[in-house]
Amino acid sequence: MLSKDQIAQRIAREVKGGQYINLGIGIPTLVANYIPENLEVVLQSENGLLGIGPFPTEAEIDPDLINAGKQTITMVKGSALFSSAESFAMIRGGHVQLTILGAMEVSENGDIANWKIPGKMVKGMGGAMDLVASADNIIVAMQHCSKDGKSKLLKECSLPITGIRCVKKIVSDLAVLDVLPEGGFKLLERAPGISVEEIIAKTEGKLIIEGEIPEMKFD
Amino acid sequence: MLSKDQIAQRIAREVKGGQYINLGIGIPTLVANYIPENLEVVLQSENGLLGIGPFPTEAEIDPDLINAGKQTITMVKGSALFSSAESFAMIRGGHVQLTILGAMEVSENGDIANWKIPGKMVKGMGGAMDLVASADNIIVAMQHCSKDGKSKLLKECSLPITGIRCVKKIVSDLAVLDVLPEGGFKLLERAPGISVEEIIAKTEGKLIIEGEIPEMKFD
Amino acid sequence: MINKTVANAAEAVKDVFSDAVLMFGGFGLSGLPENSIAALLEKDLNGLTCISNNAGVDDFGIGLMLKKRMVKKMISSYVGENAEFERQLLSGELEVELIPQGTLAERVRAGGAGIPAFFTPAGVGTEVAEGKEIREFDGKLYLMERWLRADFSFVKAWKGDTSGNLIFKGTARNFNPMMAAAGKITIAEVEELVPAGELDPNQIHTPGIYVQRIFQGVNYEKRIEQRTIRKS
Amino acid sequence: MINKTVANAAEAVKDVFSDAVLMFGGFGLSGLPENSIAALLEKDLNGLTCISNNAGVDDFGIGLMLKKRMVKKMISSYVGENAEFERQLLSGELEVELIPQGTLAERVRAGGAGIPAFFTPAGVGTEVAEGKEIREFDGKLYLMERWLRADFSFVKAWKGDTSGNLIFKGTARNFNPMMAAAGKITIAEVEELVPAGELDPNQIHTPGIYVQRIFQGVNYEKRIEQRTIRKS
């Protein structure tokens, strides 16, 4: 099973040079740590920044410079600041090419649920609905199963959904899977030590397996 | 009969302190010369400036600073520059409170025609349709009659119109008139030496005359 | 130039009335109109509708207005940091409308820009779309959203001049520029108020036309929600 | 940061193709992408659709592209300064779509912002409204307008950095920022190109995300249409 950092590390391999990327809160934020330094990419923060840098040192902390998770941050060289309307204009207009975010459930046609659990206090969708409705490429970082062992890769989402037919790829603690345009999870890679049989057993939605499924390798 | 400068001078009396104003090309541009200096007003140029100043001296000329008539201009203290989208957001959103512009025809319900003459080369409406559809107060500077003596204050516009039910007041070379919400031109003032009878004769649309009509005075 | 200066926050908020619709700039606690909120807390107000991306925390920002039961309804995109908020919501004292963040930003922008409605893909197929018009353009589904406007907008800038021009700093800009444009009366507080003419016209983020009152703010706390540092 | 720099205008426009939809920033001759237009004139192109507030004058700007019969259709708000334009229009060689200036600005803005349609009051009751959906909101009539997008957008800025961030000057900003966002490929020419990191992130008018190519322009003429002076 992959650790959270390994999920982030594996997702980082999907990043291409030249991309503008929005990283959600949680595991997606960790992806930044694994993007190779020679890849020129720009991280967008939907509260109004292109060019998120590392967290600040104590001396660098600026209350007027935070990310969408309200954490203090820094800017890299060549950054630009803007309003929330401009930020979501960028997102909605498809200029942010890659969105990486967490999910509670994903369905075999690419629907995603990640904002609301009935009966629990609703905190709000924040920018998630805009992000999943907009980017060309949406990659989800998630646990394959809930704590009580139920699959989160489903035929249909049981929770209120955040967006329809939008997820392109999933990296879970067990596997890497493409969500096919025609529907279905296509198994691409297994986590080290995880068998195809276990992935079959833990995937409720339609799973497509063709040929040998390689095991992921980490340095 | 009022000269163009007198029309501008009379319109300037309608300006109130604290207003943001858009002045069209032609006579409306002259209005700026007659706004009392103690009135704090701001002139908007729809190509992206709040705070139009006087024309530049030879030494001050800047090709990157023009008004909507493409004339070189200067800025007053406290000016702000912005994009065309922001400029028309201001206009459409009703933040520019007063628009003064020329017209070829106005109808008794406040329709205005000022952009197109059938059979002649069409140059385009520029920002006029946005301006007349937006500002709370629209004052028209115009000649009361065409060169061949036909009234331009009509029951209905004969030319293609620029906007409907928008003109609030007209200052022509002969008179000052309100356009009433229920329809009709209400005569407020006569140009020096012009009789009410002449105005009646030269106004095709419904003219409303109540009591004595004072003559305009100029210093 | 028109002088928009008022003496202080108390004077700026003097005519805010109960049941009014208010907008507050800020993302989390960053770029929050702290002085105006403090002045509103001194007034006897209730039934307010507050439009703000977040609802503050229990002891700062709009959270303090919630505590005083001034707020009838919150319109926000994320409200997760506030226990009092949760209590009032669950008890039915507080009404909440949750809106996707980009839709919120654009609805406010539309309000200022005189655009009564527009189409966005955010929320298609979700409960956000319920009751809204859905339409297909170029093969993709969109839903129609309406503008948002306010009786009073409260914004906070880094620098401002007496004619109401504003410059924001860092990510404290966020919702402030759109909210400035969407308020019938917009009240701006600034860390540094300068005479008209001292700010570069080319660097203004919010032109003064959108601002009806401006004042020099005092004692900014600028609280940080998630102080995150790296080892240097 | 991503480096968007290309050597010059010729390289920047190398893949522009006939029948493409092009946007050009500028108002009159102010803020015009002079270098890109010059480079386009060197190419064998025709059937172009050009979206630009104006159509240049006979011997400058888009007027030169008209003269070379590169343009099939102009989408503009005002085209009054160009005799060749008039000739081609009357002879039926050139198609023209005239759009209210604010609607043009907003349609382009919508194209960049992913908003396929919006409502505006401009043009209600006029021939501009013909064939368009009219709808009443809060007692006022509006018409629905669609977004505009381009295969290539050409913009001109005062300063830019290698990551594509742009700062405009004076009223030369005009349509440039929206057009930068509405092009599939946006080509920016700048009077001064600096390394990423030299521009203040807080003063950027167009964030680099919208710009695919940037180059240092040369020999700017910056022609003035109406040289108007006062006696000093």
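Sequence lines set the chain letters: A, B, ... in the order given, protein chains first and strands last, and positions in each chain run from 1.
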**Student:** Taking only heavy atoms into account, what residues of residues 34-53 of chain C are found under 4.5 Å from chain B?
**Tutor:**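 Residues qualifying by a heavy atom under 4.5 Å from chain B are absent, so none.
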
**Student:** For chain C against chain B, print all donor and acceptor atom pairs separated by less than 3.5 Å.
**Tutor:**
{"from": "N3(C)", "atom 1": "N", "to": "E40(B)", "atom 2": "OE1", "distance (Å)": "3.3"}
{"from": "K4(C)", "atom 1": "NZ", "to": "Y20(B)", "atom 2": "OH", "distance (Å)": "2.7"}
{"from": "G112(C)", "atom 1": "O", "to": "H95(B)", "atom 2": "NE2", "distance (Å)": "2.8"}
{"from": "A113(C)", "atom 1": "O", "to": "R92(B)", "atom 2": "NH1", "distance (Å)": "2.9"}
{"from": "N165(C)", "atom 1": "ND2", "to": "G78(B)", "atom 2": "O", "distance (Å)": "2.7"}
{"from": "A181(C)", "atom 1": "O", "to": "H95(B)", "atom 2": "NE2", "distance (Å)": "3.3"}
{"from": "P201(C)", "atom 1": "O", "to": "L81(B)", "atom 2": "N", "distance (Å)": "3.0"}
{"from": "Y210(C)", "atom 1": "OH", "to": "E86(B)", "atom 2": "OE2", "distance (Å)": "2.6"}

**Student:** Tell me, please, which residues at least two apart from V124(C) pass side-chain contact (heavy atoms from CB on, under 4.5 Å).
**Tutor:**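 With sequence neighbours excluded, V124(C) shows a side-chain contact (heavy atoms from CB on, under 4.5 Å) to I164(A), L141(C), L143(C), given in chain and number order.
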
**Student:** Are V42(B) and I2(C) packed together at the side-chain level, in the sense that at least one heavy-atom pair is separated by less than 4.5 angstrom?
**Tutor:**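 Of all side-chain heavy-atom pairs linking I2(C) with V42(B), at least one is under 4.5 Å.
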
**Student:** At a heavy-atom distance under 4.5 Å, which candidate from G93(B), G78(B), G94(B) has the highest pair count against chain C?
**Tutor:**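 Highest number of heavy-atom pairs under 4.5 Å: G78(B).
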
**Student:** Side chain, backbone, both or neither: which part of V96(B) has a non-hydrogen atom closer than 4.5 Å to chain C?
**Tutor:**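 Interface part for V96(B): both.
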
**Student:** Strictly by ring pair (Phe, Tyr, Trp, His ring centres under 6.0 Å), give each pair with a member in residues 154-189 of chain B just once, sequence neighbours left out.
**Tutor:**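 Those involving residues 154-189 of chain B do not exist here.
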
**Student:** Name the region of L199(C), side chain, backbone, both or neither, that has any atom closer than 4.5 Å to a heavy atom of chain B.
**Tutor:**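 Contact with chain B involves no heavy atom of L199(C) at all.
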
**Student:** If you draw a 6.0 Å radius around CG in D15(C), do more than 12 non-hydrogen atoms from other residues or ligands fall strictly inside?
**Tutor:**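 More than 12 within 6.0 Å, yes.
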
**Student:** Name the region of M90(B), side chain, backbone, both or neither, that has any atom closer than 4.5 Å to a heavy atom of chain C.
**Tutor:**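 Both backbone and side chain.
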
**Student:** Looking at P207(C), A182(C), G111(C), which has the largest count of heavy-atom pairs under 4.5 Å with chain B?
**Tutor:**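 Among the listed options, the one with the most contacts to chain B is P207(C).
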
